Protein chains: 2
Amino acid sequence: MTKTPAKSWQAIQAEVTRRINTRIWPPGEMLPNEIDLAVEFGCARTTVNRALQALADKGVLERRRKAGTRVALNPVRKVVLSIPIIREEIEQSGAGYGYQLINAQKLPAPPAICDALQTPAGTKAYSVKALHLAGGKPFVFEERWVNILSVPTIQTADLAKMSANEWLVQNAPFSRGTLSFSAIIADEALAKHLTCPVGSALFCLERGTWNGEQSITRARLYYGPGYKMETSI
Amino acid sequence: MTKTPAKSWQAIQAEVTRRINTRIWPPGEMLPNEIDLAVEFGCARTTVNRALQALADKGVLERRRKAGTRVALNPVRKVVLSIPIIREEIEQSGAGYGYQLINAQKLPAPPAICDALQTPAGTKAYSVKALHLAGGKPFVFEERWVNILSVPTIQTADLAKMSANEWLVQNAPFSRGTLSFSAIIADEALAKHLTCPVGSALFCLERGTWNGEQSITRARLYYGPGYKMETSI
DNA sequence: GTCGACTTTATGTCTGCACATAATAATCCA
DNA sequence: TGGATTATTATGTGCAGACATAAAGTCGAC
């Protein structure tokens with residue numbers, strides 16, 4: 001067996017990845033325990049542990065106490081997706097960022113929203129509609145409901161100057177959230193806001209946030225036609 | 001200052017998260033260095049380091065040598081998205097999984113594909129079209145091109161029995177890949193395959209994989225109307 | 001004053017050791 | 001034989017100490 005001199009845990013990670021990719025350790029294969037690997041690599045077990053844990057986080061390895069470590073049968077299931085901050089995303093593309101508040105008002109929330117916000121049916125919530133512009137053109141249409149039981153102060157915020165998202169980030173902490181991606185047909189209202197044809201396919205990102213058990217907000221971001229959200233593995 | 005007895009790095013992570021959420025450390029705020037935190041928490045610096053690193057990985061903190069650690073201005077940008085294995089996704093929903101090969105043949109690849117596969121324009125590639133069924137109904141339509149310069153053996157694979165994805169996972173290792181999500185209008189061909197109306201909005205996942213500098217495959221998965229890809233933060 | 005070289009500092013990582021924990025394997029007893 | 005108890009084992013985590021490294025700050029030469 002070839003001696004593999006390793007310096008850092010990243011080097012070990014790379015070597016393990018290489019062995020997986022070259023099928024030295026095919027999917028499903030058990031790999032030697034940390035102590036043996038540490039001996040082989042000439043380093044401390046802690047270092048091996050760190051490398052393997054990182055790979056397990058990525059979903060490349062599956063580890064169980066006592067059972068040991070094995071190569072995941074379905075590699076590459078987990079991807080780190082950076083949810084772009086709209087402003088940054090636009091500015092990085094070189095276009096100027098613009099923001100336009102369409103309206104913000106307290107309204108009786110539709111049943112689906114009351115359900116999502118966990119408020120009694122018919123409760124009022126704060127509705128915010130806004131447009132994010134790239135180079136003066138509509139880029140994302142934002143449709144948001146804010147739970148005024150959790151965040152009453154939003155009603156006094158000047159959302160024409162600061163986007164609801166930025167305001168919430170600074171004023172309403174949250175502990176967990178959900179995200180979903182879907183495709184949706186542009187109806188007349190959406191088409192008008194995004195100045196695109198009715199019937200276009202829009203990429204939709206829906207986000208809900210909670211602070212503990214309290215629901216904060218629920219937002220839908222409709223991206224203009226042709227938008228792609230990209231990431232790499 | 002209140003003494004915070006901490007047991008594990010997860011507890012420290014939780015405490016730091018709490019301080020961020022409650023604005024004790026607002027966005028942009030510098031936090032004490034690891035040594036001071038270790039003293040405060042009554043643990044080793046290693047333990048603090050681990051907690052903070054985990055938070056930095058999540059995008060909650062920004063760390064730079066010498067500069068120190070600060071609360072990220074734009075929290076929660078990074079999300080771990082588990083790309084569902086179609087078969088598992090369907091089986092988990094309780095529906096039976098079905099797979100149907102539509103066709104697999106060597107064809108001159110369109111320019112966009114040659115470009116993506118990094119082969120000379122007009123080169124032939126292996127085209128695979130297939131359908132994944134949930135409970136007998138079309139769920140995902142898969143349109144794939146495989147680089148036969150990198151993976152010639154795919155031409156002899158029996159893709160009626162094993163999906164191209166599974167075959168590739170077992171036979172063609174890759175070192176990196178790209179993913180993109182978008183929304184697309186169902187044209188006649190797509191509508192026919194997915195038995196949905198022409199003009200439906202389809203969620204589209206496009207994946208490209210490479211082994212080193214060699215391109216392996218490029219696939220598009222078209223999900224039926226109404227599909228949502230979900231994750232939580 | 002400006003540019004480089006040196007110092008300082010906070011994080012990054014490694015080591016060796018110890019003990020905790022989960023899950024399997026082995027054993028024991030009814 | 002079968003079910004519960006105990007041992008074994010691989011990973012999970014903690015600690016103290018050391019050195020590495022990047023980057024900000026400082027100081028000196030010109």
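Keep in mind that this is a model prediction, so the values were computed, not measured. Below, chains carry the letters A, B, ... as their sequence lines are ordered, and counting in each starts from 1.
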Provide, to the nearest angstrom, the distance between the CG atom belonging to A:Asp36 and the C1' atom belonging to D:dT11.
-> 13 Å

Looking only at side-chain N and O atoms, does A:Gln53 come under 4.0 Å of OP1 or OP2 in D:dT11?
-> no

Can we say A:Arg144 and A:Glu142 salt-bridge, meaning some charged N sits less than 4.0 Å from an Asp/Glu carboxylate O?
-> yes

Hey, could you give me the CG/CD1 distance between A:Leu37 and A:Ile12, rounded to the nearest 0.5 Å?
-> 8.0 Å

Measure from CG on B:Asn49 to C1' on D:dT21 and round the result to the nearest Å.
-> 14 Å

Send over the distance from B:Glu34 CD to C:dT13 P, rounded to a whole Å.
-> 11 Å

If each of B:Leu31 and A:Arg45 is mapped to the nucleotide of DNA chain C with the nearest heavy atom, which maps nearer the 5' terminus, i.e. the 5' end?
-> B:Leu31

Stacked cation flag A:Arg218 on A:Trp145, 6.0 angstrom / 45 deg | no

What pairs with A:Arg65 under salt bridge (charged side-chain N to carboxylate O under 4.0 Å, His left out), at least two apart in sequence or on another chain?
-> none

Among D:dA24, C:dC14, D:dT13, find the nucleotide with the atom closest to the side chain of B:Ala67.
-> D:dA24

Between A:His132 and the options A:Tyr99, A:Tyr223, A:Tyr97, the side-chain hydrogen bond (donor to acceptor under 3.5 Å, both in side chains) test singles out A:Tyr97

State which of C:dT11, D:dG12, D:dC15 makes the closest approach to the side chain of B:Thr69.
-> C:dT11

Would one find a side-chain N or O of B:Arg64 under 4.0 angstrom from OP1 or OP2 of D:dA24?
-> yes

Side-chain N or O of A:Thr47 less than 4.0 angstrom from OP1 or OP2 on C:dT15?
-> yes

Presence of B:Thr46 side-chain N/O under 4.0 Å of D:dA16 phosphate oxygens OP1/OP2 | no

Rounded distance (Å) that lies between atom P of C:dT11 and atom CG of B:Asp57 | 15 Å

Please state how far atom CD1 in A:Ile35 lies from atom P in D:dT9, giving the value in whole angstrom units.
-> 11 Å

What distance do B:Leu179 atom CG and B:Glu206 atom CD have between them, rounded to the nearest 0.5 Å?
-> 10.0 Å

Could you go through nucleotides 3-9 of chain C and list every protein N or O atom that sits under 3.5 Å from one of its N or O atoms, giving the distance for each pair?
from  : atom 1 : to      : atom 2 : distance (Å)
C:dT9 : O4'    : B:Lys66 : NZ     : 3.2

Here the distance between atom C1' of D:dA22 and atom CZ of B:Arg63, to the nearest Å, is 13 Å

Does a nitrogen or oxygen in the side chain of A:Arg50 sit under 4.0 Å from OP1 or OP2 of C:dT13?
-> yes

Would you mind reading off the distance between A:Leu61 atom CG and D:dT11 atom P, rounded to a whole angstrom?
-> 11 Å

Under-4.0 Å salt bridge between B:Arg19 and B:Glu29 | no

Would you say a side-chain N or O of A:Gln10 is under 4.0 Å from OP1 or OP2 of C:dT13?
-> yes

To the nearest Å, how far apart are A:Met30 CE and C:dA23 C1'?
-> 12 Å

